[in-house]
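These notes concern the structure reproduced below.
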Amino acid sequence: MTTVLPGQTSELDPRLLEYRRELTGYCYRMLGSSFDAEDAVQETMVRAWRGLADFEGRSALRSWLYRIATNVCLDQLNGRKRRALPMDLSGTSWSPVEASLAAKQPADAWVEPVLDRQVLPEDGDPAEQAVARESIRLAFVAALQHLPPRQRAVLLLRDVLRWKAEEVATLLESTVASVNSALQRARATLAAVGGELDSRPLDDDHRDLLDRYLDAFLRYDIEAFVQLLHEDATQHMPPFEMWLRGRDDIGTWMLGPGSGCRDSRIIETTANGAPAFAQYRPVEGGGHVPWGLHVLEIEDGKIAHISSFLDLDSGLFVRLGLPAEFPAESA
């Protein structure tokens with residue numbers, strides 16, 4: 001893949017850089033990885049930069065950039081296995097014992113998280129912002145991975161970005177009939193795997209729940225912690241294949257194999273359109289090191305799902321732009 005040499009990024013036409021964030025969001029939904037998305041957008045910018053002189057006056061800049069980004073993503077997806085979440089691989093939850101950590105997959109097997117600030121618009125129409133936020137939720141992004149790449153592009157352009165069928169047909173060098181057919185098939189597949197867009201705004205009640213959840217976690221009061229979970233709450237921990245169901249099993253895990261998380265420190269953030277926190281786990285000799293990014297899903301006033309993306313020397317925090325060590329002033 002072509003990369004931008006040092007100094008080149010600042011030399012890109014400002015008109016191109018204006019679209020970087022929304023293109024990153026589009027590529028993330030297509031690829032299921034914030035890191036692959038960054039690479040795809042970088043490649044898109046390089047191709048656009050090199051072709052800008054020939055482009056002038058031919059079509060709208062935004063549409064042209066999306067055409068380039070779509071082609072870059074389709075190239076990346078060619079012959080690649082779909083990314084998944086642990087619950088996609090096994091229909092049965094695992095036991096909350098250390099032996100469950102035996103099965104592990106490489107990073108490119110999993111849908112990866114993305115921080116909201118990397119992909120969501122800072123301002124704009126509230127309805128569009130809501131759709132943008134809903135369409136980066138982990139369940140939706142994971143469901144998208146079930147679609148063939150071109151269907152994925154059609155659905156995102158039509159249902160998320162609200163492009164007209166004629167515009168999508170032009171971008172994909174296809175026909176309106178073909179685009180409409182692809183959209184119908186994509187919607188049917190998403191419905192079958194539970195991938196409908198779902199709005200869950202963070203309200204005052206949710207804020208109170210989060211405050212109590214984080215307080216219980218920091219005090220490592222697991223009895224109080226599990227009471228904030230749905231009875232059948234789930235948790236998964238990529239890169240491990242294991243996943244847990246039920247607040248009792250989650251509590252057992254945290255008091256057993258997960259007990260090293262006691263005395264952790266956290267930084268609150270938002271990821272995948274949901275509340276999240278970066279956890280720094282204590283190490284022998286003092287200090288705290290990156291451990292996991294936890295993305296929370298809230299339903300009916302309780303935590304329904306915890307997606308715990310573990311760092312484990314993968315550089316996850318650094319690649320997401322999170323501090324590589326817990327800030328001393330926050331301790």
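Because the structure is predicted, anything quoted here is derived from the model rather than measured.
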**OP:** Give the C-alpha distance, both sets of side-chain angles, the deciding distance and a yes or no for side-chain hydrogen bond (donor to acceptor under 3.5 Å, both in side chains) between S307 and H305.
**Re:** CA-CA 7 Å; S307 294; H305 184 69; 3.1 Å; yes
Original post:
How far apart are the C-alpha atoms of I298 and I303, what are their side-chain angles, what is the distance that settles it, and do they pass the side-chain contact (heavy atoms from CB on, under 4.5 Å) test?
Top reply: CA-CA 5 Å; I298 300 173; I303 306 295; 3.9 Å; yes
Subject >> Residue pair T189, R185: steps toward the side-chain hydrogen bond (donor to acceptor under 3.5 Å, both in side chains) verdict >> reply: CA-CA 6 Å; T189 299; R185 294 196 303 274; over 6 Å; no
**OP:** Determine, stepwise, if the pair L296 / Y213 fulfils side-chain contact (heavy atoms from CB on, under 4.5 Å).
**Re:** CA-CA 10 Å; L296 309 176; Y213 178 92; 3.6 Å; yes
**OP:** Any chance you could lay out the side-chain contact (heavy atoms from CB on, under 4.5 Å) test for Y19 and V41, step after step, and finish with the verdict?
**Re:** CA-CA 10 Å; Y19 296 99; V41 173; over 6 Å; no
**OP:** Could you please spell out the steps behind the side-chain contact (heavy atoms from CB on, under 4.5 Å) verdict for L120 and R133?
**Re:** CA-CA 7 Å; L120 294 185; R133 185 172 57 252; 4.2 Å; yes
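In this structure D221 satisfies the salt bridge (charged side-chain N to carboxylate O under 4.0 Å, His left out) test together with R219, sequence neighbours excluded. Under the rule for a salt bridge (charged side-chain N to carboxylate O under 4.0 Å, His left out), E98 has no partner lying at least two apart in sequence or in another chain.
Atom CD of E167 is separated from atom OG1 of T170 by 8.0 Å, given to the nearest 0.5 angstrom. Distance CG/L156 to CZ/F140: 6.0 Å, rounded to 0.5 Å. Taking CZ of R20 as the reference point, atom OG1 of T44 lies at 9.5 Å (rounded to 0.5 Å). Expressed to the nearest 0.5 Å, how far CD1 of I222 lies from CZ of F225 amounts to 6.0 Å. If you take CG on D215 and CG on L210, they are separated by 12.0 Å, rounding to the nearest 0.5 Å. The structure places CG of L293 at 6.5 Å from CG of L322, a figure rounded to the nearest 0.5 Å.
Connection of L310 to L89 is not established within any shared hydrophobic cluster, with ILVMFWY side chains joined at heavy-atom distances below 4.5 Å, either directly or through further cluster members. Following chains of ILVMFWY side-chain contacts shorter than 4.5 Å, one can reach W243 starting from L101, so the two form part of one hydrophobic cluster. One hydrophobic cluster, built from ILVMFWY side chains closer than 4.5 Å, cannot hold both L316 and W110; they sit in different ones.
With hydrogens and angles disregarded, a donor-acceptor distance shorter than 3.5 Å links the side chain of D311 to the backbone of F317. T175 places a side-chain N or O within donor-acceptor distance of the main-chain N or O of S178, the cut-off being under 3.5 Å. Of the possible polar contacts, one joining the D116 side chain to the N272 backbone as a donor-acceptor pair under 3.5 Å is found. With hydrogens and angles ignored, the 3.5 Å screen pairs a side-chain donor or acceptor of R152 with a backbone N or O of L144. With hydrogens and angles disregarded, a donor-acceptor distance shorter than 3.5 Å links the side chain of H230 to the backbone of E299. Panel note: side chain S100, backbone M242; no donor-acceptor pair is recorded below 3.5 Å. The closest donor-acceptor contact from the side chain of R158 to the backbone of W163 lies under 3.5 Å. In terms of modelled atom types and a separation under 3.5 Å, the side chain of Q227 and the main chain of A224 share no donor-acceptor contact. A donor-acceptor pair under 3.5 Å is absent between the side-chain atoms of R265 and the main chain of Y280, judged by distance alone. Between the side chain of S90 and the backbone N or O of M87, no donor-acceptor pair lies under 3.5 Å.
Between E128 and R162, every side-chain heavy-atom pair lies at or beyond the 4.5 Å cut-off. Considering only heavy atoms from C-beta on, L31 comes within 4.5 Å of Q76 through its side chain. Side chains of Y220 and M254 form a contact here, defined as non-hydrogen atoms less than 4.5 Å apart. Q118 places a side-chain heavy atom less than 4.5 Å from the side chain of L320. Side-chain contact between F217 and L228: absent, with no pair of heavy atoms (C-beta onward) separated by less than 4.5 Å. A 4.5 Å side-chain heavy-atom check between C261 and W291 finds at least one atom pair inside the cut-off. Between V226 and D248 the shortest side-chain heavy-atom distance does not fall below 4.5 Å. At least one side-chain heavy atom of D159 sits under 4.5 Å from a side-chain heavy atom of L183.
By the 4.0 Å N-to-carboxylate-O rule, D249 lies too far from R245 to be salt-bridged with it. Salt-bridge formation is detected for the pair E22/R62: a Lys NZ or Arg NE/NH1/NH2 atom is positioned less than 4.0 Å from an Asp or Glu carboxylate oxygen. Taking the charged nitrogens against the carboxylate oxygens, E38 and R21 have no contact shorter than 4.0 Å, which rules out a salt bridge.
Minimum interatomic distance between G321 and R117 (heavy atoms only, all atoms of both residues): O-NH2, 3.1 Å. R29 and A132 get closest at one heavy-atom pair: NH2-O, 3.1 Å. In terms of heavy-atom proximity, G195 sits nearest to A143 at CA-CB, 3.6 Å. The two atoms that bring A165 and V176 nearest to each other are CB-CG1, 4.0 Å, heavy atoms only. Listed here is the closest heavy atom pair of V179 and V154: O-CG1, 3.6 Å. Nearest heavy-atom pair across E297 and A274 is OE2-CB, 4.1 Å.
Under the 3.5 Å distance criterion, with hydrogens and angles disregarded, a donor-acceptor pair is assigned to the side chains of S308 and H294. If you check the side chains of S34 and E112, you find no donor sitting under 3.5 Å from an acceptor. For the residue pair S63 and R67, no side-chain donor N or O sits within less than 3.5 Å of a side-chain acceptor on the partner.
The aromatic rings of Y66 and Y26 lie perpendicular to each other, with more than 60° between the two planes, well past the 30° mark.
Screening D36, D75, D108 for a salt bridge (charged side-chain N to carboxylate O under 4.0 Å, His left out) involving R80 leaves a single residue, D36.
Summarising the local packing, CD of E325 is surrounded by 12 or fewer heavy atoms from other residues, nucleotides or ligands at distances under 6.0 Å.
In this structure, R319 satisfies the cation-pi test against F35, with its NZ or CZ atom closer than 6.0 Å to the six-membered ring centre and inside 45 degrees of the ring normal.
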